[in-house]
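Okay, so here's the structure we're looking at.
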2 protein chains.
Amino acid sequence: MIKSAYMKKLAAQPLYKQVIREVMAAVEAGEWQEDESLPSEVELGQRFGVSQGTVRKALDVLVADSILYRRQGVGTFVAGMSDFLMRGRFALLTDPKGETAKIELLGCVRIHAGEQLAEILGLRRGAALWQVRRLLRVSGQIVGLEELLLPEANFPELEMRRIRELKGNLRELCWRDFGVRLQDGETRYRAVSAGSAEARLLQVELNEPLLQLVRLAKDFSGKPQVWSVAWLKTEQLAFEPSVTG
Amino acid sequence: MIKSAYMKKLAAQPLYKQVIREVMAAVEAGEWQEDESLPSEVELGQRFGVSQGTVRKALDVLVADSILYRRQGVGTFVAGMSDFLMRGRFALLTDPKGETAKIELLGCVRIHAGEQLAEILGLRRGAALWQVRRLLRVSGQIVGLEELLLPEANFPELEMRRIRELKGNLRELCWRDFGVRLQDGETRYRAVSAGSAEARLLQVELNEPLLQLVRLAKDFSGKPQVWSVAWLKTEQLAFEPSVTG
DNA sequence: TACAGTCTTATATAAGACAAAAGATACAAT
DNA sequence: ATTGTATCTTTTGTCTTATATAAGACTGTA
């Protein structure tokens with residue numbers, strides 16, 4: 001990290017942003033496990049050559065992104081469950097006891113991009129893509145279905161084996177194995193009817209309404225890298241709202 | 001220094017949280033108009049008797065809530081359009097040209113809380129509620145339907161007239177006319193089938209999938225104040241994702 | 001054992017010094 | 001008159017230091 005005024009000038013980025021990147025890289029490299037505490041803010045400050053307050057400002061961002069969480073007087077911890085779908089303000093995929101979703105691989109095949117998909121991912125028509133399909137379970141119950149599309153050019157050695165080893169954190173895999181560091185994109189929420197394939201895989205009735213999440217994840221240069229779509233069973237509420245009259 | 005539970009109880013909130021409340025109150029009181037700049041952080045610091053950094057920390061929160069926005073070297077401004085549905089990360093209700101939704105009042109009637117609704121709002125069973133129903137339009141097209149439920153006890157003079165005058169900012173009305181200052185609650189996203197009432201009002205087919213947003217807004221003491229449910233037509237995407245095979 | 005103090009270590013808050021960005025102003029060159 | 005440029009002022013942005021608060025571990029005592 002930055003140790004001198006000269007280096008600082010070269011860096012051309014605020015210190016706390018550099019700290020964000022360093023900490024993020026360390027998290028993605030698995031330096032600390034889920035729910036394991038990071039070094040204290042003071043220690044991290046020493047490590048990066050900045051003050052506690054600067055480390056704190058960096059961690060603020062990662063906490064807001066729910067990549068980390070904090071407990072006053074105790075420490076700062078790596079938040080569990082940081083896959084695409086789970087990340088962020090999304091509370092649907094945890095059951096009442098707070099259990100996190102388990103991911104089950106359904107398949108990984110090589111396909112060719114149609115016109116629209118090619119445009120979305122910034123590729124030429126017919127470019128090779130990996131299509132990964134996974135099932136999400138909470139407490140054993142199927143809650144959702146996820147489909148990922150990744151350009152083969154950027155993920156050359158993607159194989160079932162690597163995906164199978166993946167515990168759920170696609171970001172980490174992308175970074176460690178392919179050198180692709182992903183940002184989150186905006187997620188669009190939609191309501192759709194279950195088609196025959198969705199109904200079969202999710203074990204619901206045909207045309208049952210499903211919550212659909214559509215997301216395009218880009219790398220830090222802004223280039224699209226992963227197109228992901230998820231279908232989620234609608235959660236039950238204690239009180240089912242409806243319009244009367 | 002004597003430390004006792006009594007002293008602790010007396011101990012004030014952190015300064016920056018007090019500043020948040022002061023600034024929020026001023027915004028809601030209309031001290032500055034939309035897109036009008038607030039006094040500088042230094043001036044606000046003098047006004048509240050705190051440092052610029054403390055004011056800044058307070059404004060950080062309001063900026064994160066998109067109640068304010070900032071431009072370096074220029075100033076801090078009041079953000080427009082802060083109704084429940086529009087607030088936050090929710091991009092569904094703006095059309096491609098960025099037009100904001102218009103709200104059309106459908107009705108406002110007095111009902112009695114059922115058991116579950118009473119529990120949600122922290123009231124006794126049968127307590128009087130105002131039920132407000134509104135239609136959301138973008139570029140004239142119907143895009144959604146919203147139902148609000150407010151305890152009559154907290155909104156004693158609620159009338160059609162006042163609601164009709166409302167341009168869309170329920171928070172401001174609650175504060176100005178009823179002295180109720182609202183926080184946003186968590187929004188739950190669900191997919192539901194259109195019932196007969198929803199289908200008629202939204203002019204869609206029966207059982208068409210709709211995106212449902214369910215939210216409980218509380219005041220700053222944590223007491224539930226507004227239960228809101230919205231049904232939104234699903235937006236069309238250029239590329240309609242589906243699972244094949 | 002139960003309980004109350006105290007120590008240690010962590011995050012949380014606050015203030016102040018300084019940097020960077022964006023306009024505004026002044027003024028010279030054309 | 002207009003254009004360009006340097007500089008001044010105001011505003012937000014960054015960073016450090018000092019101190020407060022919270023949580024758990026430890027310790028002595030009834």
Side-chain angles (χ1 to χ4, degrees), chain A residues 1-23 27 32 35-79, chain B residues 1-23 27 32 35-79:
Chain A
M1 173 65 45
I2 304 317
K3 306 253 179 185
S4 69
Y6 173 68
M7 290 292 286
K8 197 170 177 175
K9 185 137 197 177
L10 270 190
Q13 247 200 334
L15 291 180
Y16 80 96
K17 289 191 180 175
Q18 297 177 49
V19 173
I20 290 174
R21 293 203 342 224
E22 294 282 344
V23 172
V27 168
W32 313 291
D35 297 315
E36 183 182 339
S37 83
L38 275 62
S40 76
E41 294 177 351
V42 174
E43 283 177 282
L44 286 173
Q46 288 163 355
R47 167 164 160 183
F48 299 132
V50 301
S51 73
Q52 178 253 344
T54 300
V55 171
R56 181 168 186 78
K57 180 156 185 174
L59 297 190
D60 280 346
V61 174
L62 297 176
V63 167
D65 259 349
S66 51
I67 290 164
L68 305 177
Y69 64 94
R70 283 198 274 226
R71 288 174 52 203
Q72 178 168 358
V74 182
T76 304
F77 306 84
V78 178
Chain B
M1 179 74 171
I2 299 167
K3 289 190 179 178
S4 67
Y6 177 68
M7 287 294 288
K8 267 186 184 170
K9 186 142 197 180
L10 273 188
Q13 271 193 313
L15 289 178
Y16 81 94
K17 289 191 179 173
Q18 297 177 46
V19 173
I20 290 175
R21 294 204 344 222
E22 296 280 345
V23 173
V27 168
W32 312 292
D35 296 315
E36 184 182 337
S37 82
L38 276 60
S40 75
E41 295 175 351
V42 174
E43 283 176 284
L44 286 173
Q46 287 161 357
R47 168 164 161 183
F48 299 129
V50 301
S51 72
Q52 177 252 346
T54 300
V55 171
R56 181 167 187 76
K57 178 155 186 174
L59 297 189
D60 280 346
V61 174
L62 298 176
V63 168
D65 257 351
S66 53
I67 290 165
L68 305 176
Y69 64 93
R70 282 196 274 226
R71 287 174 53 202
Q72 178 169 0
V74 182
T76 304
F77 306 84
V78 179

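Note: hydrogens, waters and symmetry copies are ignored here, and every other heavy atom, side chains too, is used. Reminder, nothing fancy here: chain letters follow the sequence lines and each chain counts from 1. Bear in mind that the values here come from a model prediction, so they are computed numbers and not experimental data.
Nucleotide C:dA22 holds its C1' atom 11 Å from the CZ atom of B:Phe77, rounded to whole Å. For the pair A:Phe48 CZ and D:dT16 C1', the computed distance is 18 Å after rounding to whole Å.
For residues 68-78 of chain B, every residue pair satisfying the salt bridge (Lys or Arg N to Asp or Glu O under 4.0 Å) rule, not counting sequence neighbours, is listed here: B:Glu41-B:Arg70, B:Asp60-B:Arg70.
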Exercise for the section: Give the B/S/- string for nucleotides 11-19 of chain C, one per nucleotide from 5' to 3', where a protein heavy atom under 4.0 Å of the base yields B, of only the sugar-phosphate yields S, and otherwise -. Expected result: BBBSB-B--
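If you take CG on A:Leu15 and NZ on A:Lys57, they are separated by 11.0 Å, rounding to the nearest 0.5 Å. For the atom pair A:Leu62 CG and A:Leu68 CG, the distance stands at 5.0 Å (nearest 0.5 Å).
Between B:Trp32 and B:Leu38, the shortest heavy-atom distance links the atoms CE3-CG, 3.7 Å.
Applying the side-chain contact (heavy atoms from CB on, under 4.5 Å) test to B:Val42 and every residue at least two apart in sequence or in another chain returns B:Ser40, B:Gln46, B:Gln52.
Each of A:Val55 and B:Glu43 has a nearest nucleotide on DNA chain D; the 5'-most of these lies closest to B:Glu43.
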